[in-house]
Student: 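Pasting a structure below so you can have a look.
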Amino acid sequence: MKLVLPNPGLDLRIPDYNDLERMDKEEAADRPKWDNKAQYILTCVGFCIGIGNVWRFPYLCQSHGGGAFLIPYLILLVLEGMPLLLMEFAIGQRLRKGSVGVWRAINPYLTGVGIASMLVSLLIGLYYNTLIAWIMWYLFNSFQEPLPWTQCPLNENRTGYIPECQQSSTVDYYFYRVTLDTTTSIAESGGIHWPMVVCLLAAWTFICACYIRGISTSGKAVYVTAILPYIVLAIFLIRGLTLKGAMNGVKFLFTPNVEELMNPTTWLDAGAQVFYAFSLAWGGLISFSSYNPVHNNCKQDAVILSAITGLTSIYAATVTYTIIGFRASEKYDNCISQNIRTLLNTFNLPEDSITETNYDSAYKHLNSTYPDIVLGLDIQICDMQKLLNEGVEGTGLAFIVFTEAITKMPGSPVWSVLFFVMLLCLGLSTLFGNIEGVVVPLKDLNVLPKKWPQEALTGVTCAFAFIISLLFAQQSGLYWVTLFDNFAGSVPLLTIGLFEMIAVVYIYGIDRFNEDIQFMIGHKPSIFWQASWRFFSPVIILVILVFYLVTQAQQELTYLVWDPNSDKFPVLASVPYPSWINAVIFLLAGVPSLVVPFYALCRLVYVTCKQKEQQNDKISHVP
Amino acid sequence: MLEKIILLLCCSCAVAQHLCTPDASDGYKVRLSIKTALEGQAYEWNENEMFLFRATLAFAMRNHIREQKFEVSNIIVCNETPRVSFWFVVTSPESTSVLIGKEDVEEAVRKSRNRINSAFLLTDKTLEFIGILPTLAAPVDPDTPPWLIVFGVVMGIVGAGIILLLVSSVVQKKRKNEMTDDEENCEETRVKTVENGSVGEGVYNMSFSDDERFTQM
């Protein structure tokens, strides 16, 4: 297909092959570069494997048909994720610039794509680091026995526990009240919760220290942050498999339900998950690839990274569900014991008469003999499936389900420390890519002076981001984080990804791109890549984007609140957003997406004005 | 004479039984869960254990009301079930038809709860006095929150790391500046000796490459 939009002056803006060869040989000192290939691969792996692999993928897998979900996930991984990945790697390696520089080089009107990437990276980085702050809080509090989330505080006359804690659970109370001190709605800010400020400070200082000299410091840090999670997952896998009920969880996760494949939401969720899992359109991957030597085999890298991401997702899901299975099993046993105790106490039967094995028959017998009394006893129905379904996703999984499960393991502080160190490493390695996607464009756009040393750039960016993220240290911070998670990290990324594909395929020119890849790695990409870049990937992204917008527009915007006074407490109540939230959502999702056409328009206006001025000058100079 | 004594005893027993009934206003229900607490080492509940219970309770009453000397016979038990639960009332040592009030019994049990529990190798949960809530142990609350200590350690290390990196980069720059001063002196002599057309000795000057090719906004 020869469909390429006219793009004058492209050759003047990008280095040609001779320049690239020369740059490769001379090893220019002003541009940072990787110490070795392993650092690059580990940084990319760390960037792609984030907290979402632990707490989003297992939930999606289990709720969309278990083992059957792997089919759309793997198909879309190959058709959508891998081509976009190679495209970002190759364009970065070829044009040797960060995200703003690359799009500006392809066409100055496209600089908006780079700016949008930077804005999205900034917004995501703000709330992501808040999650890291919460993880750090839990990590700092894990160095004590017993763990603080195993106990409820007592009420005034010391005869019982605080009602909020009594009605929900110790872990719920610890997360919502002690850690966050949540208000009941996003409109009530409630003031700053100072332990959170302290943790945010720790988080931003930590990331600043790791990235202070750019990739020369973060490249060393990834040796720990990218490899440690795998080790900890292995330890948890072994521990998890030896726990009672673990296999229930794993079976529940992977039991295939092939009918779910007919449901379009399954495919949409799989596509969205692949897109976010690869951290595409953040700008970080382009930046990282631009530090590679010119003849680095980026195609191999893309395939390796896709394989690692897919396998890690499945691995993390297995570990997560062994723990969830253990927790469900414990809760089920507790439920049955409680019922047995109630029955024994009411009917004054000897202790051993009802055990777990004969519970059902004994219950039926008692129910038929004394139905009225049994009815008044409020016997709970213990349903293992329902308990397994309480798997939950997101912050609920890490801070409530997992912390509860850990308290039941012997030696809980050790497991707690290990778990939260793993989450910390997963989050940090993603943040490195994030910060890269913010600092480098700021430098390219001359917002930060180029003369400043890397340390100053990192320091200023981190300080600025810390001040903005104090928004999340409020008592309503949890709701803000959820808002950002839902809107800043969804539509803008899909839009930018779409624009990127169009830019490379139709404005830069797919033929030129193929030649570049042939120059860099020695052979042209095969028909699979051609078909995906030209057709499959853009279509898939477009379909996901349209469906997402349509479903969002149809739903009323609601969110879940922690309200001790609501009827359904301790289940989170679903409450509609206040009307001013629409403005915030527009800022989060609309502004980055619209920056692309807006910038092109502004530039068009500016250029036409300048041309008119020049023409006027020429006319006035004609004698 | 003998018949009178027997009659008196029977009467007193009957009266005693009359005092102890389930849901008595001054009585409490007790429930023991021996098998749950002790599993393999559980003992059988028999008359001797009941005697121990009555003796322990008399001890508790004596501890609480110091003036009166309670005996085992003052603790009356009834309505024993296979669950091992029963009701008890406490009579006054001075007159066996008068019951000690609920509040006093509750206070006595509360004070000596630990001793009563340990006599039976049980806990507050497995030896229940229905209606007397155990005072819960306060949660462990250290003076300095441990998390501040860990936070302090981590921030100290991170801060030291940042300072180290900054200092080392400043030192490196100073060294580089000194070296480039030396190099510039050498370069001037070298450039002069380059012949026309020979590229070997010259130093490629990066400032004239790529950046200028990018169109500015």
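Just the heavy atoms: all of them, side chains too, but no hydrogens, waters or symmetry mates, feed the values below. Residue numbers start from 1 in every chain, and the chains themselves are labelled A, B, ... in the order their sequence lines are given, proteins ahead of strands.
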Student: Using every non-hydrogen atom in the two residues, find where A/Asn348 and B/Lys29 come nearest and quote the distance to one decimal.
Tutor: OD1-NZ, 3.8 Å
Student: Please check if the number of heavy atoms outside A/Phe206 that lie under 6.0 Å from its CZ is greater than 12.
Tutor: no
Student: With side-chain contact (heavy atoms from CB on, under 4.5 Å) as the criterion, how do B/Val150 and A/Leu139 come out once you've worked through the C-alpha distance, each side chain's angles and the decisive distance to 0.1 Å?
Tutor: CA-CA 9 Å; B/Val150 182; A/Leu139 179 63; over 6 Å; no
Student: Around atom CG of B/Asn46, are there more than 12 heavy atoms from other residues, nucleotides or ligands closer than 6.0 Å?
Tutor: yes
Student: Under 4.5 Å from any heavy atom of chain B, what part of A/Cys152 do you find: side chain, backbone, both or neither?
Tutor: backbone
Student: Is A/Tyr17 atom OH crowded by more than 12 heavy atoms from other residues, nucleotides or ligands, each under 6.0 Å away?
Tutor: yes
Student: Name the orientation class of the two ring planes belonging to A/Phe140 and B/Phe151 (parallel below 30°, tilted from 30 to 60°, perpendicular beyond 60°).
Tutor: perpendicular
Student: In this structure, are over 12 heavy atoms from other groups packed under 6.0 Å from B/Tyr43 atom OH?
Tutor: yes
Student: Given a strict heavy-atom distance threshold of 4.5 Å, which part of A/Val198 is in contact with chain B: side chain, backbone, both, or neither?
Tutor: both
Student: Hey, what do you get for CG (B/Leu165) to OG1 (A/Thr458), rounding to the nearest 0.5 Å?
Tutor: 10.5 Å
Student: Using a 4.5 angstrom heavy-atom cutoff, name the option from A/Asn345, A/Thr217, A/Ile212 with the most pairs to chain B.
Tutor: A/Asn345
Student: Could you look at B/Ile34 and say if it's the side chain, the backbone, both or neither that has a heavy atom under 4.5 Å from chain A?
Tutor: both
Student: Can you tell if the side chain of B/Met155 reaches within under 4.5 Å of the side chain of A/Thr205, non-hydrogen atoms only?
Tutor: yes
Student: Measure distances from B/Ser33 to the heavy atoms of chain A and classify the residue's part below 4.5 Å as side chain, backbone, both or neither.
Tutor: both
Student: Can you tell if the side chain of B/Ser169 reaches within under 4.5 Å of the side chain of A/Gln454, non-hydrogen atoms only?
Tutor: no
Student: Using non-hydrogen atoms only, which part of B/Val84 is less than 4.5 Å away from chain A: side chain, backbone, both, or neither?
Tutor: neither
Student: Counting distance only, does the side-chain N/O of A/Glu351 pair as donor-acceptor with the main-chain N or O of B/Thr36 below 3.5 Å?
Tutor: yes
Student: Are more than 12 heavy atoms from other residues, nucleotides or ligands located less than 6.0 Å from atom NZ of A/Lys220?
Tutor: yes
Student: Of the backbone (N, CA, C, O) and the side chain (C-beta and beyond), which part of A/Pro148 lies under 4.5 Å from a heavy atom of chain B, both, or neither?
Tutor: neither
Student: At a heavy-atom separation under 4.5 Å, does B/Leu32 approach chain A through its side chain, its backbone, both, or neither?
Tutor: backbone
Student: A quick test of your reading: do over 12 heavy atoms of other residues, nucleotides or ligands sit less than 6.0 Å from NZ of B/Lys173?
Tutor: no
